[in-house]
Amino acid sequence: MPDAPQDLDAWVAALAESLGLGTDEHPIALLLDLTRDAAHGVVRPAGPLTTYLVGLAVAQGMTVEDAVARTRVTIAEWKADGSEPA
């Protein structure tokens with residue numbers, strides 16, 4: 001199975017087209033970083049679910065950058081409140 005950045009770019013482009021999203025530039029690195037932050041800052045399964053919820057927020061009109069920024073604040077607050085598992 002390929003595991004190179006160009007393979008990921010090609011996959012995202014193919015999936016975006018299949019989902020009718022067009023071939024606009026998609027913030028792959030930003031979303032992967034956020035997924036990692038959620039997985040490590042909350043619990044591992046929070047990673048993909050967080051990215052999904054960010055996608056819903058974007059679909060409702062929020063910019064990706066704003067949704068990611070708000071999510072990072074929420075992750076930081078989660079950790080500061082001691083809500084993360086020991």
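Grouping the Ile, Leu, Val, Met, Phe, Trp and Tyr side chains by contacts below 4.5 angstrom, directly or via other members, places L8 with L21. Residues M62 and L34 do not share a hydrophobic cluster, defined by chaining ILVMFWY side chains whose heavy atoms lie under 4.5 Å apart. Neither V42 nor L56 shares a network with the other; the hydrophobic side chains, linked directly or stepwise wherever heavy atoms of I, L, V, M, F, W or Y lie under 4.5 Å apart, form separate groups for each. V73 and V64 are assigned to two separate hydrophobic clusters, defined by single-linkage of ILVMFWY side chains at heavy-atom distances under 4.5 Å. Tracing side-chain contacts under 4.5 Å through hydrophobic residues (I, L, V, M, F, W, Y), one reaches L32 starting from V12; they form part of the same cluster.
Note that OG1 of T63 is 8.5 Å distant from CZ of R70, once rounded to the nearest 0.5 Å. In this structure, OG1 on T50 lies 11.0 Å from CG on L31, to the nearest 0.5 angstrom. Rounding to the nearest 0.5 angstrom, the gap separating the OG1 atom in T35 from the NE2 atom in H40 is 10.5 Å.
T71 places a side-chain N or O within donor-acceptor distance of the main-chain N or O of A67, the cut-off being under 3.5 Å.
No side-chain heavy atom of D37 sits under 4.5 Å from any side-chain heavy atom of K79.
Taking every heavy atom of both residues into account, G47 and A38 meet most closely at CA-CB, 4.0 Å.
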